[in-house]
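So the structure is just underneath, and the comments pick up after that.
Just so it is clear, the model here is predicted, and its values are computed rather than measured.
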Amino acid sequence: MTPIIRIIEAKDHVGEVVTVRGWIKRRTGKGKINFLRVRDGSGIFQAVAFRPNLGDEKFTQVKRLTTESSVMLTGLIKADDRAPGVPGGYEMDLQDIEIVQIADDYPITPKEHGVEFLLDNRHLWLRSDRQWAIARVRATVIRAIRDWLDDHGYLLVDTPILTPAAGEGTTTLFEIDYHGVPAFLAQTGQLYNEADIFAFGKVYCFGPTFRAEKSKTRRHLQEFWMVEPEIAFCKLEELLEIEEQFVSYIVQTTLERCADELKLLGRDVTLLENVKPPFPRITYDEAVAMVNEAAARGVTVPPNDDSVPAIEWGDDFGSPHETFIASQFDRPVHVTHYPTRVKAFYMEPEPERPEVCRSTDMLAPEGYGEIIGGSERMSDPELLLAAIEKHKLPQDAYDWYIDLRRYGSVPHSGFGLGVERAVAWISGISHLREAIAFPRVLGRLTP
RNA sequence: UCUCCGGUAGCUCAAUUGGCAGAGCAUUCGGCUGUUAACCGAAAUGUUGUUGGUUCGAGUCCAACCCGGAGAGCCA
């Protein structure tokens with residue numbers, strides 16, 4: 001019985017006879033030699049089946065292997081510069097083979113496929129090199145998120161997914177039947193996070209969130225994962241520092257741990273190496289001036305090379321504006337102090353200038369858009385009550401939320417980071433649908 | 001919801017002015033000792049998204065609808 005190893009461990013077993021269990025990605029052959037590209041989840045390498053070494057009977061079995069057939073392969077691990085794979089450079093000289101199953105005709109071929117076909121076959125598409133690399137980047141990003149927060153005194157406190165009508169942007173909520181009462185899938189855990197900080201100081205929630213927006217772009221999913229830290233005794237300025245330390249750690253950790261995966265994805269990592277504090281900070285006022293100056297010059301932005309439209313002070317930025325602003329910097333940029341009227345009711349107004357609020361968006365470079373939205377929250381109960389009235393929200397639904405400001409209110413801040421947007425940005429992939437195993441894009445619920 | 005683009009073999013696409021429905025890949029068979037989307041030879045592959053219309057004749061023109069993609073708005 002030979003030892004069973006994972007492909008990623010092959011480099012530690014050069015000169016040994018071992019067994020690898022996995023799937024045939026592709027078989028190519030030339031007469032008495034066949035090359036098996038093998039995947040086992042940990043990595044990708046090739047096994048070389050050479051008829052004189054393997055014997056006629058086993059070689060005949062090798063030639064029966066179809067794409068995605070499952071096998072147990074035993075052979076000698078050799079270092080060879082010609083050997084492709086991830087990490088590559090090592091291959092198996094095949095000595096024995098046990099076929100677990102000969103796979104039926106596999107629908108996904110090495111040639112190009114359309115988006116619809118691939119999404120219909122998402123359960124199989126996940127087996128491809130590229131999806132494997134993205135899944136590993138995602139897992140690494142999530143681990144970095146949790147490590148950083150856990151190591152910096154944040155307590156994980158999960159927030160509910162089934163929520164009552166909160167009155168804010170109800171058109172974007174998925175409604176469900178909660179035993180005869182309408183309920184909604186959560187689009188944020190933030191309000192609950194605010195309750196949690198008064199009990200636990202610094203908290204985060206991490207889970208799926210739901211937006212029923214009719215958004216059909218590369219930057220939108222109906223269901224996506226978001227991490228939302230919330231911090232007591234924290235004002236906007238401190239929040240900005242936390243955000244950039246957090247994002248830098250995620251990016252640098254992923255660069256370190258997923259070098260092979262990013263290489264497979266063709267990511268230009270030099271653009272990520274810059275992602276270290278401090279990040280540039282501009283105000284909404286400055287951003288508006290930048291945009292309008294660019295609009296006057298007729299600057300165009302990807303993806304369609306449309307010119308940057310002018311903006312009037314007080315309006316929110318559209319995607320082309322954000323793309324342009326982010327393109328002016330070599331790392332993510334904080335844009336702070338948005339007009340109060342375009343932001344959520346709970347954001348703390350700037351005391352000297354209440355028409356703007358102590359909000360911040362972090363825009364990722366390379367057109368990936370807003371990856372973080374955050375703010376200092378309103379801490380005064382009277383101001384909050386007035387804001388709820390001004391936004392014509394049902395006051396009784398917010399009784400508990402106002403309570404938080406009545407029993408030991410403190411300045412506090414928090415933000416939400418979209419996991420798929422972060423993964424897409426770090427991976428350099430163009431569409432969020434590849435940043436999660438089973439994406440929920442508008443108009444699709446399967447597989 | 002709006003704007004633009006598309007739907008032809010299992011997959012990716014082609015088809016001239018409206019005139020016999022075609023390739024490559026995948027599949028099957030044969031050949032070859034270093035392949036990286038192998039190569040060479042052979043075989044097999046169709047309700048052209050749906051419905052209706054114009055026409056001697058429609059993949060091609062017209063209308064409606066269905067599905068998909070890109071973008072806008074909104075957001076992470």
Side-chain angles (χ1 to χ4, degrees), chain A residues 25-37 44-54 59 63-64 66-67 78 80-85 88 91 93 103-121 124 128-129 168-169 171-172 187-188 190 208-228 301-306 309 315-323 342-344 361-364 368-374 415-425 430-433 435-436 441-444:
Chain A
K25 292 185 58 59
R26 186 162 58 250
R27 180 176 64 83
T28 60
K30 188 166 184 177
K32 296 186 180 66
I33 192 165
N34 263 226
F35 300 94
L36 306 176
R37 195 72 60 86
I44 300 158
F45 79 165
Q46 76 176 7
V48 183
F50 185 43
R51 189 155 77 185
N53 292 358
L54 197 57
F59 192 78
K63 290 184 75 171
R64 291 173 56 220
T66 53
T67 297
K78 291 158 59 170
D80 191 320
D81 291 340
R82 293 172 297 185
E91 65 182 22
D93 185 13
D104 286 349
D105 286 356
Y106 191 62
I108 297 179
T109 70
K111 297 286 175 180
E112 284 177 25
H113 295 288
V115 170
E116 190 181 5
F117 175 80
L118 288 171
L119 284 176
D120 284 343
N121 289 285
L124 303 178
S128 68
D129 293 358
E168 182 199 348
T171 55
T172 69
Q187 58 174 348
T188 170
Q190 187 215 310
T209 50
F210 306 88
R211 307 269 167 101
E213 284 289 347
K214 302 273 189 222
S215 298
K216 208 171 179 178
T217 80
R218 65 176 74 181
R219 291 184 311 280
H220 293 88
L221 295 171
Q222 302 290 293
E223 174 185 301
F224 65 96
W225 284 65
M226 184 158 67
V227 57
E228 296 177 274
V301 288
N304 295 339
D305 289 331
D306 291 335
D315 289 341
D316 204 355
F317 297 122
S319 292
H321 300 127
E322 288 186 351
T323 302
V342 303
K343 288 291 181 184
D361 283 358
M362 187 188 291
L363 307 181
Y368 284 93
E370 186 183 340
I371 52 170
I372 281 181
F415 65 92
L417 173 108
V419 169
E420 287 77 14
R421 285 193 182 173
V423 170
W425 165 49
S430 62
H431 203 298
L432 254 52
R433 65 181 161 235
I436 184 168
V441 296
L442 188 62
R444 174 179 289 277

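Salt-bridge formation is not detected for the pair A:Asp316/A:Lys343: no Lys NZ or Arg NE/NH1/NH2 atom is positioned less than 4.0 Å from an Asp or Glu carboxylate oxygen.
B:G34 is unpaired under the criterion used here, namely a Watson-Crick or G-U wobble arrangement in which both key atom distances are under 3.5 Å. Across the strands present, B:C65 finds its partner in B:G49; the criterion is a Watson-Crick or G-U wobble pair with both atom distances under 3.5 angstrom. With a cut-off of 3.5 Å on both Watson-Crick or G-U wobble distances, the partner of B:U27 is given as B:A43. Across all strands shown, B:A70 forms a Watson-Crick or G-U wobble pair, both distances under 3.5 Å, with B:U3. The partner of B:G22 is B:C13, judged by Watson-Crick or G-U wobble contacts that both fall below 3.5 Å.
Between the P atoms of B:G49 and B:A44, the separation comes to 26 Å (whole Å). Here the separation of B:G41 from B:C25, taken at their P atoms, is 10 Å to the nearest Å. Going from the P atom of B:A9 to that of B:U50 covers 11 Å, rounded to whole Å. A gap of 11 Å separates the C1' atoms of B:G18 and B:U54, to the nearest Å.
The base of B:C75 lies close enough to the side chain of A:His220 for a donor and an acceptor atom to sit less than 3.5 Å apart. Under 3.5 Å, the side chain of A:Ser215 and the base of B:C75 form no donor-acceptor pair of N or O atoms.
Side chain of A:Gln222 to main chain of A:Glu213: a donor-acceptor pair is present (N/O by atom type, distance under 3.5 Å, no hydrogens or angles). A donor-acceptor distance shorter than 3.5 angstrom exists from the side chain of A:Arg211 to the backbone of A:Gln187, with no hydrogens or angles considered.
Per the geometry, NE2 belonging to A:His431 stands 9 Å off C1' belonging to B:G69, to the nearest Å. At whole-Å resolution of the value, CZ in A:Phe59 and C1' in B:G31 are 13 Å apart. Rounded to an integer number of Å, the gap from NZ of A:Lys343 to P of B:A76 is 7 Å.
Across all their heavy atoms, A:Ser319 and A:Arg219 have their closest contact at OG-NH2, 2.6 Å.
Both geometric conditions, a ring-centre gap below 5.5 Å and a plane tilt below 30°, are fulfilled for A:Phe224 over the base of B:A76.
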